[in-house]
Amino acid sequence: MSETEKPANIGTRAAAGAALMVVARLTTRLIDLGSMLVLTRILLPADFGLVAIAASLCALMESVLELPINQALLRLPVIERAHYDTAFTIGLIRGGVLTGILGACAIPAAHFYHDARLAPLIFFLSFSPFMRGIMSPRMAAFQKQLSFWRDFAIELSGKGISFVFGTALAILTHSYWALAFSTVMYSGAMMAQSYSFAPYRPRLSLRELSVFSGFAGWMTVAQIVSALNWQFERLLLGKVVNRSALGLFATAGDITNIPFFALFGPMARPVMAAFAHVGDDRERLAASYQKASVAMATVGLPLLIGESLVADSTVRVVVGANWAGAGPMVHWLALSLTPAVFTLASYPLLMAFGRTKTILRRNLLEFAVKLPLVVAGVLWAGFWGVIAARFVSEFASNIYGLFLVRGLTGLSVRHQILGWKRSVGASVVMVLAVEGLKRLLPPADTLGHAAAGLMACGAVGACAYAGALLALWSVARRPDGIERLVVDRMGHALVIIRTKTAGMFRKAAPAGIQGTDLSAPVGDYRNQ
(Lines give C-alpha, C1' and ligand atoms only; values in the text may rest on other atoms or scores of the structure.)
Protein backbone atom coordinates (compact mmCIF):
# COMPACT_ATOMS: atom_id res chain seq x y z
CA MET A 1 0.00 0.00 0.00
CA SER A 2 1.41 3.40 -0.93
CA GLU A 3 1.51 6.37 1.36
CA THR A 4 -1.08 8.18 -0.72
CA GLU A 5 -3.52 5.33 -0.33
CA LYS A 6 -3.37 5.19 3.45
CA PRO A 7 -5.76 8.00 4.40
CA ALA A 8 -8.46 6.83 2.01
CA ASN A 9 -8.24 3.12 2.58
CA ILE A 10 -7.12 2.39 6.12
CA GLY A 11 -10.37 3.38 7.79
CA THR A 12 -12.42 1.43 5.27
CA ARG A 13 -10.24 -1.67 5.52
CA ALA A 14 -10.18 -1.49 9.32
CA ALA A 15 -13.96 -1.19 9.38
CA ALA A 16 -14.30 -4.10 6.97
CA GLY A 17 -11.91 -6.18 9.06
CA ALA A 18 -13.78 -5.33 12.25
CA ALA A 19 -17.11 -6.15 10.61
CA LEU A 20 -15.81 -9.51 9.38
CA MET A 21 -14.47 -10.43 12.82
CA VAL A 22 -17.73 -9.34 14.44
CA VAL A 23 -19.64 -11.61 12.06
CA ALA A 24 -17.23 -14.43 12.86
CA ARG A 25 -17.60 -13.95 16.60
CA LEU A 26 -21.38 -13.60 16.36
CA THR A 27 -21.53 -16.82 14.39
CA THR A 28 -19.37 -18.67 16.90
CA ARG A 29 -21.44 -17.26 19.75
CA LEU A 30 -24.57 -18.52 18.03
CA ILE A 31 -22.92 -21.92 17.96
CA ASP A 32 -22.16 -21.48 21.67
CA LEU A 33 -25.81 -20.67 22.18
CA GLY A 34 -26.81 -23.82 20.34
CA SER A 35 -24.39 -25.82 22.44
CA MET A 36 -25.86 -24.29 25.59
CA LEU A 37 -29.37 -25.16 24.43
CA VAL A 38 -28.32 -28.80 24.21
CA LEU A 39 -25.91 -29.18 27.11
CA THR A 40 -28.04 -27.45 29.76
CA ARG A 41 -30.78 -29.94 29.00
CA ILE A 42 -28.43 -32.89 29.38
CA LEU A 43 -26.06 -31.84 32.16
CA LEU A 44 -26.75 -30.44 35.63
CA PRO A 45 -25.89 -27.01 37.07
CA ALA A 46 -23.37 -28.77 39.34
CA ASP A 47 -21.50 -30.00 36.25
CA PHE A 48 -21.19 -26.45 34.96
CA GLY A 49 -20.07 -25.27 38.39
CA LEU A 50 -17.33 -27.90 38.56
CA VAL A 51 -15.97 -27.05 35.12
CA ALA A 52 -16.20 -23.32 35.92
CA ILE A 53 -13.73 -23.75 38.80
CA ALA A 54 -11.24 -25.70 36.68
CA ALA A 55 -11.59 -23.36 33.69
CA SER A 56 -11.17 -20.25 35.86
CA LEU A 57 -8.00 -21.65 37.42
CA CYS A 58 -6.60 -22.48 33.97
CA ALA A 59 -7.47 -19.02 32.64
CA LEU A 60 -5.82 -17.37 35.62
CA MET A 61 -2.62 -19.39 35.27
CA GLU A 62 -2.61 -18.80 31.51
CA SER A 63 -2.68 -15.05 32.10
CA VAL A 64 0.29 -15.31 34.49
CA LEU A 65 2.38 -16.67 31.64
CA GLU A 66 0.70 -14.62 28.92
CA LEU A 67 2.96 -12.85 26.45
CA PRO A 68 1.53 -10.46 23.84
CA ILE A 69 3.27 -12.28 21.00
CA ASN A 70 0.75 -11.35 18.33
CA GLN A 71 0.66 -7.69 19.36
CA ALA A 72 4.46 -7.54 19.27
CA LEU A 73 4.49 -8.92 15.72
CA LEU A 74 1.82 -6.45 14.58
CA ARG A 75 3.90 -3.50 15.78
CA LEU A 76 6.95 -4.49 13.71
CA PRO A 77 7.51 -2.49 10.49
CA VAL A 78 8.53 -5.70 8.70
CA ILE A 79 8.02 -9.23 10.03
CA GLU A 80 10.91 -11.55 9.12
CA ARG A 81 11.38 -15.31 9.38
CA ALA A 82 13.43 -14.92 12.57
CA HIS A 83 10.52 -13.12 14.22
CA TYR A 84 8.15 -15.97 13.36
CA ASP A 85 10.59 -18.57 14.69
CA THR A 86 11.08 -16.69 17.93
CA ALA A 87 7.33 -16.21 18.34
CA PHE A 88 6.70 -19.93 17.86
CA THR A 89 9.49 -20.93 20.24
CA ILE A 90 8.23 -18.59 22.95
CA GLY A 91 4.71 -19.98 22.55
CA LEU A 92 5.98 -23.57 22.73
CA ILE A 93 8.05 -22.95 25.87
CA ARG A 94 5.23 -21.02 27.51
CA GLY A 95 2.73 -23.78 26.73
CA GLY A 96 4.95 -26.50 28.15
CA VAL A 97 5.62 -24.54 31.34
CA LEU A 98 1.92 -23.74 31.71
CA THR A 99 0.88 -27.36 31.33
CA GLY A 100 3.49 -28.38 33.90
CA ILE A 101 2.38 -25.77 36.43
CA LEU A 102 -1.29 -26.65 36.05
CA GLY A 103 -0.44 -30.33 36.39
CA ALA A 104 1.40 -29.58 39.62
CA CYS A 105 -1.50 -27.44 40.90
CA ALA A 106 -4.22 -29.92 40.00
CA ILE A 107 -4.05 -32.11 43.10
CA PRO A 108 -3.67 -29.21 45.61
CA ALA A 109 -6.64 -27.49 43.96
CA ALA A 110 -8.71 -30.66 44.26
CA HIS A 111 -7.87 -30.82 47.99
CA PHE A 112 -8.65 -27.12 48.48
CA TYR A 113 -12.12 -27.48 46.95
CA HIS A 114 -12.66 -30.96 48.44
CA ASP A 115 -13.43 -32.46 45.03
CA ALA A 116 -11.13 -35.13 43.56
CA ARG A 117 -12.69 -34.70 40.11
CA LEU A 118 -10.91 -31.37 39.68
CA ALA A 119 -7.40 -32.88 39.39
CA PRO A 120 -7.78 -34.68 36.03
CA LEU A 121 -10.12 -31.95 34.79
CA ILE A 122 -7.57 -29.18 35.36
CA PHE A 123 -4.77 -31.16 33.75
CA PHE A 124 -6.87 -31.94 30.68
CA LEU A 125 -8.02 -28.33 30.26
CA SER A 126 -4.38 -27.17 30.36
CA PHE A 127 -3.96 -28.48 26.80
CA SER A 128 -6.34 -25.80 25.52
CA PRO A 129 -4.04 -22.78 26.16
CA PHE A 130 -1.05 -24.88 25.07
CA MET A 131 -2.54 -25.40 21.61
CA ARG A 132 -3.63 -21.77 21.30
CA GLY A 133 -0.05 -20.75 22.05
CA ILE A 134 1.44 -22.70 19.15
CA MET A 135 -0.88 -21.46 16.41
CA SER A 136 0.89 -20.42 13.22
CA PRO A 137 2.66 -17.12 13.93
CA ARG A 138 2.36 -16.22 10.23
CA MET A 139 -1.30 -15.29 10.86
CA ALA A 140 0.09 -11.94 12.05
CA ALA A 141 1.23 -11.11 8.50
CA PHE A 142 -2.35 -11.13 7.22
CA GLN A 143 -3.67 -9.26 10.27
CA LYS A 144 -1.05 -6.57 9.69
CA GLN A 145 -2.48 -6.12 6.19
CA LEU A 146 -5.97 -5.77 7.75
CA SER A 147 -7.02 -9.04 6.08
CA PHE A 148 -9.09 -11.04 8.55
CA TRP A 149 -11.06 -13.56 6.52
CA ARG A 150 -8.65 -16.32 7.60
CA ASP A 151 -9.34 -15.53 11.24
CA PHE A 152 -13.04 -15.74 10.39
CA ALA A 153 -12.68 -19.19 8.83
CA ILE A 154 -10.50 -20.51 11.66
CA GLU A 155 -12.87 -19.40 14.41
CA LEU A 156 -15.91 -20.69 12.60
CA SER A 157 -14.48 -24.11 11.77
CA GLY A 158 -13.00 -24.54 15.25
CA LYS A 159 -16.25 -23.75 16.98
CA GLY A 160 -18.25 -25.97 14.63
CA ILE A 161 -15.97 -28.96 15.20
CA SER A 162 -16.01 -28.53 18.99
CA PHE A 163 -19.80 -28.20 18.98
CA VAL A 164 -20.31 -31.44 17.05
CA PHE A 165 -17.93 -33.55 19.12
CA GLY A 166 -18.80 -31.94 22.48
CA THR A 167 -22.53 -32.38 21.93
CA ALA A 168 -22.09 -35.98 20.79
CA LEU A 169 -20.06 -36.79 23.91
CA ALA A 170 -22.67 -35.16 26.17
CA ILE A 171 -25.47 -37.19 24.59
CA LEU A 172 -23.49 -40.41 24.90
CA THR A 173 -22.06 -39.95 28.40
CA HIS A 174 -24.15 -37.29 30.22
CA SER A 175 -20.84 -36.27 31.79
CA TYR A 176 -19.23 -32.91 32.60
CA TRP A 177 -16.28 -34.13 30.52
CA ALA A 178 -18.24 -33.05 27.45
CA LEU A 179 -17.73 -29.41 28.48
CA ALA A 180 -13.99 -29.89 28.93
CA PHE A 181 -13.64 -31.87 25.71
CA SER A 182 -15.46 -29.16 23.75
CA THR A 183 -13.09 -26.49 25.09
CA VAL A 184 -9.93 -28.41 24.21
CA MET A 185 -11.30 -29.47 20.83
CA TYR A 186 -11.98 -25.85 19.92
CA SER A 187 -8.38 -24.81 20.57
CA GLY A 188 -6.99 -27.86 18.79
CA ALA A 189 -9.11 -27.29 15.69
CA MET A 190 -8.11 -23.62 15.54
CA MET A 191 -4.44 -24.48 15.89
CA ALA A 192 -4.59 -27.04 13.06
CA GLN A 193 -6.53 -24.69 10.79
CA SER A 194 -4.04 -21.85 11.34
CA TYR A 195 -1.28 -23.89 9.67
CA SER A 196 -3.59 -24.60 6.77
CA PHE A 197 -4.33 -20.91 6.14
CA ALA A 198 -0.88 -19.57 7.07
CA PRO A 199 1.65 -22.34 6.32
CA TYR A 200 4.69 -22.26 8.53
CA ARG A 201 7.39 -24.86 9.19
CA PRO A 202 8.27 -24.60 12.90
CA ARG A 203 11.87 -23.89 13.73
CA LEU A 204 13.20 -23.31 17.23
CA SER A 205 14.99 -20.02 17.71
CA LEU A 206 15.19 -17.17 20.22
CA ARG A 207 17.22 -14.88 17.99
CA GLU A 208 14.70 -11.99 18.18
CA LEU A 209 13.79 -12.47 21.84
CA SER A 210 14.47 -8.80 22.61
CA VAL A 211 11.59 -7.76 20.34
CA PHE A 212 9.10 -9.71 22.45
CA SER A 213 10.62 -9.27 25.90
CA GLY A 214 10.81 -5.53 25.39
CA PHE A 215 7.14 -5.35 24.42
CA ALA A 216 5.90 -7.76 27.09
CA GLY A 217 7.00 -6.37 30.44
CA TRP A 218 4.17 -4.30 31.83
CA MET A 219 1.65 -5.87 29.46
CA THR A 220 2.18 -9.30 30.97
CA VAL A 221 1.53 -7.93 34.46
CA ALA A 222 -1.50 -6.02 33.15
CA GLN A 223 -2.95 -9.22 31.71
CA ILE A 224 -2.42 -11.03 35.02
CA VAL A 225 -4.32 -8.31 36.84
CA SER A 226 -7.05 -8.35 34.18
CA ALA A 227 -7.45 -12.11 34.55
CA LEU A 228 -7.68 -11.72 38.32
CA ASN A 229 -10.43 -9.16 37.80
CA TRP A 230 -12.47 -11.64 35.78
CA GLN A 231 -11.64 -15.00 37.34
CA PHE A 232 -11.14 -14.63 41.07
CA GLU A 233 -14.90 -14.19 41.62
CA ARG A 234 -15.66 -17.73 40.48
CA LEU A 235 -12.71 -19.16 42.38
CA LEU A 236 -13.88 -17.43 45.57
CA LEU A 237 -17.52 -18.40 45.03
CA GLY A 238 -16.45 -21.99 44.37
CA LYS A 239 -15.14 -22.13 47.91
CA VAL A 240 -18.18 -20.67 49.69
CA VAL A 241 -21.19 -21.86 47.64
CA ASN A 242 -22.24 -25.26 46.34
CA ARG A 243 -21.51 -26.41 42.80
CA SER A 244 -25.12 -26.02 41.62
CA ALA A 245 -25.29 -22.38 42.72
CA LEU A 246 -21.93 -21.67 41.10
CA GLY A 247 -23.16 -23.37 37.93
CA LEU A 248 -26.13 -20.99 37.81
CA PHE A 249 -23.86 -17.98 38.23
CA ALA A 250 -21.33 -19.22 35.65
CA THR A 251 -24.09 -19.95 33.13
CA ALA A 252 -25.67 -16.54 33.76
CA GLY A 253 -22.28 -14.97 33.09
CA ASP A 254 -21.85 -16.95 29.89
CA ILE A 255 -25.30 -15.92 28.63
CA THR A 256 -24.55 -12.28 29.43
CA ASN A 257 -21.16 -12.35 27.72
CA ILE A 258 -22.25 -14.06 24.49
CA PRO A 259 -23.52 -10.94 22.66
CA PHE A 260 -21.19 -8.48 24.40
CA PHE A 261 -17.88 -10.15 23.65
CA ALA A 262 -19.12 -11.37 20.28
CA LEU A 263 -19.41 -7.77 19.15
CA PHE A 264 -16.50 -6.05 20.84
CA GLY A 265 -13.81 -8.68 21.29
CA PRO A 266 -13.12 -9.00 17.55
CA MET A 267 -12.99 -5.23 17.03
CA ALA A 268 -9.79 -4.77 19.03
CA ARG A 269 -7.27 -5.83 16.36
CA PRO A 270 -8.70 -3.85 13.40
CA VAL A 271 -9.29 -0.76 15.56
CA MET A 272 -5.79 -1.02 17.03
CA ALA A 273 -4.31 -1.27 13.52
CA ALA A 274 -6.28 1.79 12.40
CA PHE A 275 -5.15 3.84 15.41
CA ALA A 276 -1.54 2.83 14.80
CA HIS A 277 -1.74 4.05 11.18
CA VAL A 278 -3.05 7.53 12.09
CA GLY A 279 -1.04 7.89 15.29
CA ASP A 280 1.23 10.62 13.92
CA ASP A 281 -1.71 12.92 13.23
CA ARG A 282 -3.29 13.81 16.58
CA GLU A 283 -6.31 15.50 15.01
CA ARG A 284 -7.13 12.45 12.89
CA LEU A 285 -6.47 10.20 15.87
CA ALA A 286 -8.94 12.15 18.00
CA ALA A 287 -11.59 11.97 15.27
CA SER A 288 -10.99 8.26 14.71
CA TYR A 289 -11.19 7.50 18.42
CA GLN A 290 -14.39 9.48 18.91
CA LYS A 291 -16.06 7.70 16.00
CA ALA A 292 -15.02 4.29 17.34
CA SER A 293 -16.09 5.12 20.90
CA VAL A 294 -19.48 6.48 19.85
CA ALA A 295 -20.09 3.51 17.54
CA MET A 296 -19.33 1.03 20.33
CA ALA A 297 -21.63 2.84 22.74
CA THR A 298 -24.36 3.07 20.11
CA VAL A 299 -24.32 -0.70 19.62
CA GLY A 300 -23.28 -1.91 23.06
CA LEU A 301 -25.51 0.11 25.38
CA PRO A 302 -28.87 -1.02 23.96
CA LEU A 303 -27.51 -4.54 23.66
CA LEU A 304 -26.75 -4.80 27.38
CA ILE A 305 -29.83 -2.91 28.54
CA GLY A 306 -32.02 -4.94 26.21
CA GLU A 307 -30.50 -8.17 27.47
CA SER A 308 -31.28 -7.05 31.00
CA LEU A 309 -34.91 -6.27 30.11
CA VAL A 310 -35.59 -9.76 28.70
CA ALA A 311 -33.34 -11.74 31.07
CA ASP A 312 -36.04 -14.07 32.46
CA SER A 313 -37.42 -14.95 29.04
CA THR A 314 -33.93 -15.42 27.63
CA VAL A 315 -32.95 -17.88 30.36
CA ARG A 316 -36.14 -19.91 29.94
CA VAL A 317 -35.70 -20.11 26.17
CA VAL A 318 -31.96 -20.75 26.12
CA VAL A 319 -31.40 -23.11 29.06
CA GLY A 320 -34.88 -24.09 30.22
CA ALA A 321 -37.12 -23.60 33.24
CA ASN A 322 -34.82 -25.63 35.49
CA TRP A 323 -32.30 -22.80 35.24
CA ALA A 324 -34.79 -20.01 36.00
CA GLY A 325 -32.69 -18.96 39.01
CA ALA A 326 -30.13 -17.57 36.56
CA GLY A 327 -32.63 -15.01 35.22
CA PRO A 328 -32.16 -12.33 37.90
CA MET A 329 -28.40 -12.84 37.68
CA VAL A 330 -28.42 -12.20 33.92
CA HIS A 331 -30.53 -9.07 34.52
CA TRP A 332 -28.02 -7.50 36.90
CA LEU A 333 -24.86 -8.87 35.29
CA ALA A 334 -25.82 -7.21 32.00
CA LEU A 335 -26.36 -3.87 33.73
CA SER A 336 -23.06 -4.21 35.59
CA LEU A 337 -21.22 -4.22 32.25
CA THR A 338 -22.76 -1.00 30.93
CA PRO A 339 -20.02 1.35 32.25
CA ALA A 340 -17.41 -0.63 30.28
CA VAL A 341 -19.14 0.15 26.97
CA PHE A 342 -18.19 3.81 26.95
CA THR A 343 -14.41 3.44 26.96
CA LEU A 344 -13.97 0.11 25.17
CA ALA A 345 -12.03 1.84 22.40
CA SER A 346 -9.43 3.08 24.89
CA TYR A 347 -7.74 -0.34 25.16
CA PRO A 348 -6.81 -0.67 21.46
CA LEU A 349 -5.81 3.01 21.59
CA LEU A 350 -3.36 2.36 24.43
CA MET A 351 -2.08 -0.80 22.74
CA ALA A 352 -1.50 1.05 19.47
CA PHE A 353 0.87 3.40 21.30
CA GLY A 354 2.49 0.68 23.42
CA ARG A 355 1.19 2.25 26.64
CA THR A 356 1.30 -1.07 28.46
CA LYS A 357 2.24 0.51 31.79
CA THR A 358 -0.86 2.70 31.56
CA ILE A 359 -3.02 -0.36 30.89
CA LEU A 360 -1.51 -1.94 34.00
CA ARG A 361 -2.38 1.11 36.09
CA ARG A 362 -5.96 1.00 34.87
CA ASN A 363 -6.31 -2.71 35.60
CA LEU A 364 -4.77 -2.23 39.04
CA LEU A 365 -7.27 0.51 39.81
CA GLU A 366 -10.15 -1.75 38.83
CA PHE A 367 -8.74 -4.62 40.87
CA ALA A 368 -8.06 -2.43 43.92
CA VAL A 369 -11.67 -1.26 43.90
CA LYS A 370 -13.12 -4.67 43.10
CA LEU A 371 -11.21 -7.00 45.42
CA PRO A 372 -12.41 -5.69 48.80
CA LEU A 373 -15.93 -5.17 47.48
CA VAL A 374 -16.13 -8.73 46.11
CA VAL A 375 -14.81 -10.30 49.30
CA ALA A 376 -17.22 -8.28 51.44
CA GLY A 377 -20.03 -8.81 48.94
CA VAL A 378 -19.61 -12.59 48.82
CA LEU A 379 -19.65 -12.82 52.62
CA TRP A 380 -22.63 -10.51 53.10
CA ALA A 381 -24.74 -10.82 49.97
CA GLY A 382 -23.41 -13.75 47.93
CA PHE A 383 -23.80 -13.35 44.17
CA TRP A 384 -25.46 -9.96 44.45
CA GLY A 385 -22.44 -8.57 46.25
CA VAL A 386 -20.23 -9.73 43.38
CA ILE A 387 -22.48 -8.06 40.82
CA ALA A 388 -22.48 -4.77 42.76
CA ALA A 389 -18.69 -4.90 43.03
CA ARG A 390 -18.45 -5.39 39.28
CA PHE A 391 -20.52 -2.30 38.57
CA VAL A 392 -18.57 -0.05 40.93
CA SER A 393 -15.17 -1.22 39.67
CA GLU A 394 -16.19 -0.88 36.01
CA PHE A 395 -17.48 2.64 36.70
CA ALA A 396 -14.22 3.66 38.38
CA SER A 397 -12.19 2.20 35.49
CA ASN A 398 -14.38 4.05 32.99
CA ILE A 399 -13.83 7.42 34.67
CA TYR A 400 -10.07 6.82 34.66
CA GLY A 401 -10.24 5.84 30.99
CA LEU A 402 -11.80 9.18 30.04
CA PHE A 403 -8.78 11.05 31.36
CA LEU A 404 -6.36 8.64 29.68
CA VAL A 405 -8.00 9.30 26.33
CA ARG A 406 -7.83 13.06 26.92
CA GLY A 407 -4.08 12.80 27.45
CA LEU A 408 -3.48 10.78 24.27
CA THR A 409 -5.86 12.43 21.83
CA GLY A 410 -6.65 15.86 23.28
CA LEU A 411 -10.39 15.06 23.42
CA SER A 412 -11.92 16.68 26.49
CA VAL A 413 -13.86 14.55 28.94
CA ARG A 414 -16.96 16.64 28.21
CA HIS A 415 -16.60 16.08 24.45
CA GLN A 416 -16.26 12.33 24.95
CA ILE A 417 -19.35 12.16 27.17
CA LEU A 418 -21.46 14.30 24.81
CA GLY A 419 -20.70 11.80 22.04
CA TRP A 420 -22.86 9.23 23.85
CA LYS A 421 -25.95 11.42 24.32
CA ARG A 422 -27.90 9.98 21.38
CA SER A 423 -27.33 6.34 22.40
CA VAL A 424 -28.29 7.12 26.02
CA GLY A 425 -31.43 9.00 24.98
CA ALA A 426 -32.49 6.27 22.55
CA SER A 427 -31.87 3.63 25.24
CA VAL A 428 -34.28 5.45 27.59
CA VAL A 429 -36.95 5.35 24.87
CA MET A 430 -36.27 1.63 24.37
CA VAL A 431 -36.63 0.89 28.09
CA LEU A 432 -39.98 2.71 28.24
CA ALA A 433 -41.27 0.87 25.16
CA VAL A 434 -40.22 -2.59 26.32
CA GLU A 435 -41.40 -2.12 29.91
CA GLY A 436 -44.75 -0.90 28.60
CA LEU A 437 -45.07 -3.94 26.34
CA LYS A 438 -44.12 -6.34 29.13
CA ARG A 439 -47.13 -5.14 31.13
CA LEU A 440 -49.40 -6.29 28.32
CA LEU A 441 -47.77 -9.70 27.81
CA PRO A 442 -48.60 -12.85 29.80
CA PRO A 443 -46.02 -14.00 32.38
CA ALA A 444 -43.08 -15.93 30.92
CA ASP A 445 -44.00 -19.06 32.87
CA THR A 446 -44.00 -21.43 29.90
CA LEU A 447 -41.59 -21.91 27.01
CA GLY A 448 -44.17 -20.66 24.52
CA HIS A 449 -44.93 -17.49 26.48
CA ALA A 450 -41.23 -16.88 27.08
CA ALA A 451 -40.33 -17.29 23.40
CA ALA A 452 -43.20 -15.09 22.22
CA GLY A 453 -42.38 -12.44 24.78
CA LEU A 454 -38.69 -12.52 23.87
CA MET A 455 -39.39 -12.02 20.17
CA ALA A 456 -41.99 -9.31 20.79
CA CYS A 457 -39.80 -7.38 23.24
CA GLY A 458 -36.78 -7.76 20.99
CA ALA A 459 -38.63 -6.43 17.94
CA VAL A 460 -40.26 -3.54 19.79
CA GLY A 461 -37.04 -2.64 21.60
CA ALA A 462 -34.99 -2.67 18.40
CA CYS A 463 -37.53 -0.54 16.53
CA ALA A 464 -37.90 1.91 19.42
CA TYR A 465 -34.15 2.31 19.78
CA ALA A 466 -33.47 2.65 16.05
CA GLY A 467 -36.31 5.10 15.58
CA ALA A 468 -35.31 7.26 18.55
CA LEU A 469 -31.64 7.17 17.52
CA LEU A 470 -32.41 8.32 13.97
CA ALA A 471 -34.75 11.02 15.27
CA LEU A 472 -32.08 12.38 17.63
CA TRP A 473 -29.54 12.17 14.82
CA SER A 474 -31.82 14.19 12.53
CA VAL A 475 -32.40 16.79 15.25
CA ALA A 476 -28.60 17.08 15.58
CA ARG A 477 -28.48 17.87 11.81
CA ARG A 478 -27.16 14.46 10.79
CA PRO A 479 -23.53 14.63 11.92
CA ASP A 480 -20.96 12.18 10.63
CA GLY A 481 -21.02 8.91 12.58
CA ILE A 482 -22.39 5.40 12.70
CA GLU A 483 -25.92 6.60 11.89
CA ARG A 484 -24.77 8.18 8.64
CA LEU A 485 -22.78 5.06 7.76
CA VAL A 486 -25.83 2.81 8.26
CA VAL A 487 -28.21 5.16 6.42
CA ASP A 488 -25.80 5.55 3.50
CA ARG A 489 -25.23 1.81 3.22
CA MET A 490 -28.95 1.08 3.39
CA GLY A 491 -29.66 3.74 0.78
CA HIS A 492 -26.95 2.35 -1.47
CA ALA A 493 -28.40 -1.15 -1.09
CA LEU A 494 -31.87 0.15 -2.00
CA VAL A 495 -30.51 1.82 -5.12
CA ILE A 496 -28.84 -1.44 -6.19
CA ILE A 497 -32.01 -3.44 -5.53
CA ARG A 498 -34.12 -0.90 -7.42
CA THR A 499 -31.71 -0.93 -10.37
CA LYS A 500 -31.62 -4.72 -10.55
CA THR A 501 -35.40 -4.96 -10.20
CA ALA A 502 -35.87 -2.44 -12.99
CA GLY A 503 -33.45 -4.37 -15.18
CA MET A 504 -35.40 -7.58 -14.60
CA PHE A 505 -38.63 -5.74 -15.38
CA ARG A 506 -37.27 -4.40 -18.68
CA LYS A 507 -36.23 -7.90 -19.74
CA ALA A 508 -39.71 -9.25 -18.99
CA ALA A 509 -41.66 -6.24 -20.37
CA PRO A 510 -43.30 -6.16 -23.83
CA ALA A 511 -41.30 -4.50 -26.58
CA GLY A 512 -43.57 -1.46 -26.60
CA ILE A 513 -42.60 -0.27 -23.14
CA GLN A 514 -38.92 -1.24 -23.03
CA GLY A 515 -37.86 2.28 -23.89
CA THR A 516 -38.75 3.57 -20.42
CA ASP A 517 -35.71 3.79 -18.17
CA LEU A 518 -37.07 2.56 -14.85
CA SER A 519 -33.63 2.53 -13.27
CA ALA A 520 -32.98 6.23 -13.76
CA PRO A 521 -32.02 7.92 -10.51
CA VAL A 522 -34.68 10.02 -8.80
CA GLY A 523 -32.34 11.94 -6.52
CA ASP A 524 -29.70 11.35 -3.92
CA TYR A 525 -30.96 8.53 -1.69
CA ARG A 526 -29.32 10.21 1.31
CA ASN A 527 -31.74 13.12 0.99
CA GLN A 528 -34.89 11.07 0.50
Side-chain angles (χ1 to χ4, degrees), residues 32 35-36 39-40 43-66 98-99 101-133 166 176-184 186-187 222-258 260-261 265 326 329-330 333 336-337 363 366-367 370-371 373-375 377-378 382-383 385-387 389-390 393:
D32 283 337
S35 178
M36 194 176 291
L39 296 179
T40 52
L43 306 177
L44 301 173
D47 296 325
F48 284 82
L50 178 68
V51 176
I53 294 174
S56 295
L57 181 61
C58 289
L60 184 59
M61 293 304 301
E62 181 180 8
S63 69
V64 172
L65 294 176
E66 184 65 47
L98 177 61
T99 301
I101 292 175
L102 285 170
C105 292
I107 294 177
H111 285 302
F112 179 76
Y113 287 102
H114 306 291
D115 197 326
R117 297 174 297 173
L118 280 171
L121 193 58
I122 291 171
F123 181 74
F124 181 70
L125 284 172
S126 70
F127 287 99
S128 183
F130 175 80
M131 286 186 285
R132 284 197 299 272
Y176 59 86
W177 278 102
L179 297 170
F181 184 82
S182 179
T183 300
V184 174
Y186 173 51
S187 299
Q223 288 172 327
I224 294 173
V225 177
S226 178
L228 283 170
N229 277 327
W230 284 98
Q231 302 297 336
F232 83 93
E233 303 165 346
R234 293 187 182 186
L235 294 174
L236 179 60
L237 286 169
K239 184 63 177 176
V240 299
V241 303
N242 60 55
R243 299 289 180 270
S244 294
L246 179 60
L248 285 174
F249 182 80
T251 302
D254 291 340
I255 293 173
T256 304
N257 293 338
I258 281 177
F260 184 73
F261 290 111
M329 296 179 186
V330 171
L333 281 170
S336 73
L337 285 173
N363 291 347
E366 184 177 348
F367 184 67
K370 192 176 191 179
L371 178 61
L373 291 177
V374 166
V375 173
V378 167
F383 301 110
V386 171
I387 293 171
R390 276 193 181 190
S393 61

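Of all heavy-atom pairs between Ile122 and Ala54, the closest is CG1-CB, 3.8 Å. For the pair Ala119 and Ala110, the tightest heavy-atom approach, listed with the atom from each and the gap, is N-CB, 3.9 Å. Taking all atoms of both residues into account, the shortest heavy-atom contact from Glu233 to Val386 is CD-CG1, 3.7 Å. Between Ala252 and Ala326, the shortest heavy-atom distance links the atoms CB-O, 3.9 Å. Minimum heavy-atom separation, Leu102 to Met61: CD2-CG, 3.5 Å. The nearest pair of heavy atoms linking Ile53 to Gly238 is CD1-CA, 4.0 Å.
The distance from the CG atom of Leu179 to the CG atom of Leu43 is 5.5 Å, given to the nearest 0.5 Å. In this structure, the separation between CD on Glu62 and OG1 on Thr99 is 10.0 Å, given to the nearest 0.5 Å. Separating the CH2 atom in Trp177 from the CZ atom in Arg117 is a distance of 11.0 Å, to the nearest 0.5 Å. The distance from the CZ atom of Arg234 to the CG atom of Leu57 is 13.0 Å, given to the nearest 0.5 Å.
Taking 4.0 Å as the cut-off between side-chain N and carboxylate O, Asp115 and Arg243 count as a salt-bridged pair.
Counting heavy atoms from C-beta on, the side chains of Phe48 and Leu248 never come closer than 4.5 Å. Residues Val184 and Met131 form a side-chain contact, since some pair of their non-hydrogen atoms from C-beta on lies under 4.5 Å apart.
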Thr251 vs Ile255, side chain to side chain contact (heavy atoms under 4.5 Å, CB included): CA-CA, chis, key distance, verdict: CA-CA 6 Å; Thr251 302; Ile255 293 173; 4.1 Å; yes
Could you go through the side chain to side chain contact (heavy atoms under 4.5 Å, CB included) check for Arg390 and Glu366 one step at a time? CA-CA 9 Å; Arg390 276 193 181 190; Glu366 184 177 348; over 6 Å; no
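A donor-acceptor pair under 3.5 Å is absent between the side-chain atoms of Ser182 and the main chain of Ala178, judged by distance alone. Within the 3.5 Å criterion, the main-chain N or O of Leu235 finds a donor-acceptor partner in the side chain of Tyr113. A donor-acceptor pair under 3.5 Å links the side-chain atoms of Ser126 to the main chain of Phe123, judged by distance alone. Under the 3.5 Å distance criterion, the side-chain polar atoms of Asn257 are left unmatched by any main-chain donor or acceptor of Asp254.
Among Cys58, Pro120, Ser187, the single residue meeting the side-chain contact (heavy atoms from CB on, under 4.5 Å) criterion with Leu125 is Cys58.
The neighbour count for Ile101 CD1, taken as heavy atoms of other residues, nucleotides or ligands under 6.0 Å away, is above 12.
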